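Working notes, beginning with the structure itself.
Because the structure is a prediction, the values reported are computed rather than measured. Letters A, B, ... mirror the listed sequences (proteins, then strands); counts begin at 1. All values below come from the heavy atoms of this structure, side chains included, with hydrogens, waters and symmetry mates left out.
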Protein chains: 2
Amino acid sequence: MAKKTAPTIYDVARTAGVSIATVSRVLNDPQKVNDETRSSVFEAIRQLGYIPKAEARARAMQQNRRIGVITPYFTAPSFVQRLRGVASALNSTSYELVIYTVESTHKFYRYLETLPINHYLDGLIILSLQFDDLFAQRLLEFGLETVLVEYPHRVLSSVEIDDQAGGRMAADYLLSKGYQRLAFLGDTVIPEFGIHPITLRLAGFRQRLAEAGHPLADKYVHTVPYDVDATRRAARAILTRDDRPDAIFSATDLQAVAILKVARELGLRVPEDLAIMGFDDLDISEYVGLTTVRQHLDESGKIAAELLLSRITNRDRPVQHIQLPLTIIERDTA
Amino acid sequence: MAKKTAPTIYDVARTAGVSIATVSRVLNDPQKVNDETRSSVFEAIRQLGYIPKAEARARAMQQNRRIGVITPYFTAPSFVQRLRGVASALNSTSYELVIYTVESTHKFYRYLETLPINHYLDGLIILSLQFDDLFAQRLLEFGLETVLVEYPHRVLSSVEIDDQAGGRMAADYLLSKGYQRLAFLGDTVIPEFGIHPITLRLAGFRQRLAEAGHPLADKYVHTVPYDVDATRRAARAILTRDDRPDAIFSATDLQAVAILKVARELGLRVPEDLAIMGFDDLDISEYVGLTTVRQHLDESGKIAAELLLSRITNRDRPVQHIQLPLTIIERDTA
DNA sequence: CACTTAATTGAAAGCACTTACATTATAAAC
DNA sequence: GTTTATAATGTAAGTGCTTTCAATTAAGTG
């Protein structure tokens, strides 16, 4: 009762009548100790008001068992699916997942500055954000293992896809199905911090069409803001023109779904009157039967996490740049 | 360039040609050591980029505040939207977001046991998971501020909705639109750890129909597993019967979308031949134009986080049970 | 009933430092 | 020149915790 100093794990062990090892186990992996013992330890902890000392713990722990993910403010399903992949890879391990959402360059840079120094992450995954060389250098210097997704950098490991190839695949597919008047729809917003793969998808699409002797007419290239309403309005405009396209490649599944809805409202048969093709293969896409270019988002997150873990446990694994394959998923809309 | 391991005080001692005690003294009480020695130690420190690791970690842990979210293995969009709400509330603060995904009771209980004691977290949000009274007690005892979402408990704050009322609202709405043969579709899986609001939604739906003199026939109540294929197969079976319903209330938007697709494939006009109504109001629902009962998922996460923060900063705020309103969102399918 | 196998547990060896104590060298005092 | 403070440093014993490993016991298994 008259204890001046804060109770330690030893005190807990003594009053519970077990060894400190057991107390430690109760604190970190309760299932490893017998029910009875556990509850008596809990009782002792409660009785003494024991609080483990962070510093000692940090010292004894070789690792932090925490990995962080920096992601643009996650509103888009594609980020969510990537995160899901990361979470699933971490699930079988004892790593915690810390999420840093970024909604401004300022905040992103602040993370990039402090995280490597803080030393309380074992690894970092950065989703779809691009940054200065300087920061890459810093991450390296301070030894914070990092894996990039969707934005490659020489000195850091990354998981990416070939957006341009994806555009080409879409073109090939639509051409092979015999469509004549192909259109493209993508979003405009290039956030100050994010990256914009849409441009690349368009480039690939355009290139292949040109090669096939079906150059993409400028009037068939549409860029509109990402939101539902804008997309719908644009779709309506496109689809009510006299020379409306007979196939639309949307740089994003979400927008493709919006287009699909408008097409239905206009009484167009899909894919007979209008083919619609997306990019990503989100969860929804399966539900609505969208034909799309799959980039396997879940997988990208999972692989990024696995790559990271392997580098953490084995520091001299080489930096890798993994290129994920794209697949055409043929469903009902094209 | 890349360090194998972070340098320790031993490394510094070795390269400076002194004992670790001296290095420690330089760090803690510099005037106790000779000028020359001191500067050579400093030199070694700079050269190795030495950072007292454990201490740094402990310090960082102390000043970085973090709140944790325990969520069932997040595959369902509804959890994601809730998380998004939490993240957005935390965004303006300096709190970090740590995510604990749960895919077994075992793991869940482990979190519940250790988190309150370890003092890593400043606050905890538990999404759609139910647990023993004992754990609630423990959370309380150890002073880990907690907010529950979708599973109320007397002693802990919570954010919830009235699922039964939601079922009633759906019934009222469909009846008011003049539909006659109403059906219900929900999922079966009651995971060992999760909770199952679907049952309540059905209860409310059934109750109101009975009250209105249109009792829900058993043959119109369908429970099928959550996945697309099973839902589709069920929908196809239901919609090809002679006495097919003219309206379906799906306990979940995701399943509603699947039903919608099947209806279209069968050439049914929606909502003329078949009305479809969902529950949740996911992002997708807007894209496909689904009429639904909105429970404002993002908002629930946001409110939970705000509630938590207010309790953290002001411990004597009372425990609150916030009931979120439900709204019918009328779109195109009913 | 002997023989694996699995579940519990404690002893003890770290972890990265701090600090009391001992040792050595140096300079001042006699 | 011996003695004695004094400063500078190293040795080694903690610090509070985690984790490996081996010992003990319980529970099947044929």
Would you confirm whether B:Thr313, through its side chain, and B:Leu309, through its main-chain N or O, come within 3.5 Å as a donor-acceptor pair?
yes
Expressed in angstrom and rounded to an integer, what is the separation of [X] atom [atom1] from [N] atom [atom2]?
X       : N      : atom1 : atom2 : value
A:Gln63 : D:dT20 : CD    : P     : 11 Å
A:Lys32 : D:dT18 : NZ    : P     : 13 Å
A:Glu55 : D:dT18 : CD    : P     : 13 Å
A:Asn64 : D:dT18 : CG    : P     : 13 Å
A:Asn28 : D:dT19 : CG    : C1'   : 10 Å
B:Ile20 : D:dG14 : CD1   : C1'   : 12 Å
A:Met61 : D:dT20 : CE    : C1'   : 16 Å
A:Leu27 : D:dT19 : CG    : C1'   : 14 Å

Establish, with yes or no, whether the OP1 or OP2 oxygen of [N] is under 4.0 angstrom from a side-chain nitrogen or oxygen of [X].
X       : N      : answer
B:Thr37 : D:dT9  : yes
B:Thr22 : D:dT9  : no
A:Tyr50 : D:dC17 : yes

Categorize B:Thr8 for me: base, sugar-phosphate, or nothing, with a 4.0 angstrom heavy-atom threshold over every strand shown.
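Answer is sugar-phosphate: B:Thr8 comes under 4.0 Å of backbone atoms only.
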Across the strands shown, which category fits A:Val18 at heavy-atom distances under 4.0 angstrom: base, sugar-phosphate, nothing?
sugar-phosphate
Only pairs under 3.5 Å count here: list side-chain donor-acceptor contacts from residues 21-28 of chain B, not counting sequence neighbours, and write none if there are none.
| from | atom 1 | to | atom 2 | distance (Å) |
| --- | --- | --- | --- | --- |
| B:Thr22 | OG1 | B:Ser19 | OG | 3.4 |
| B:Ser24 | OG | B:Asn28 | ND2 | 3.2 |
| B:Asn28 | ND2 | B:Ser24 | O | 2.8 |

Between A:Arg38 and A:Glu43 (salt bridge meaning N to carboxylate O under 4.0 Å), is one present in this structure?
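The answer is no: the pair does not qualify as a salt bridge.
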Looking at B:Arg315 and B:Glu145, is any side-chain nitrogen of the basic one under 4.0 Å from a carboxylate oxygen of the acidic one?
yes
Heavy-atom contact window of chain B on DNA chain C, given 5' to 3' at under 4.0 Å:
C:dC17 to C:dA20
Around atom CD of B:Gln31, are there more than 12 heavy atoms of other residues, nucleotides or ligands at under 6.0 Å?
yes
CD (A:Gln63) with more than 12 external heavy atoms under 6.0 Å
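Yes, enclosed.
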Does A:Arg25 make a side-chain donor-acceptor contact with the base of D:dT18, cut-off 3.5 Å?
no
Just by distance, no angles: are the side chains of A:Asp298 and A:Ser88 close enough, under 3.5 Å, to form a donor-acceptor pair?
no
Axis-to-axis angle across the helix from C:dC1-D:dG30 to C:dC30-D:dG1, five pairs an end, to 10 degrees?
40°
Before we go on, tell me: are the rings of B:Phe131 and B:Tyr109 under 6.0 Å apart, centre to centre?
no
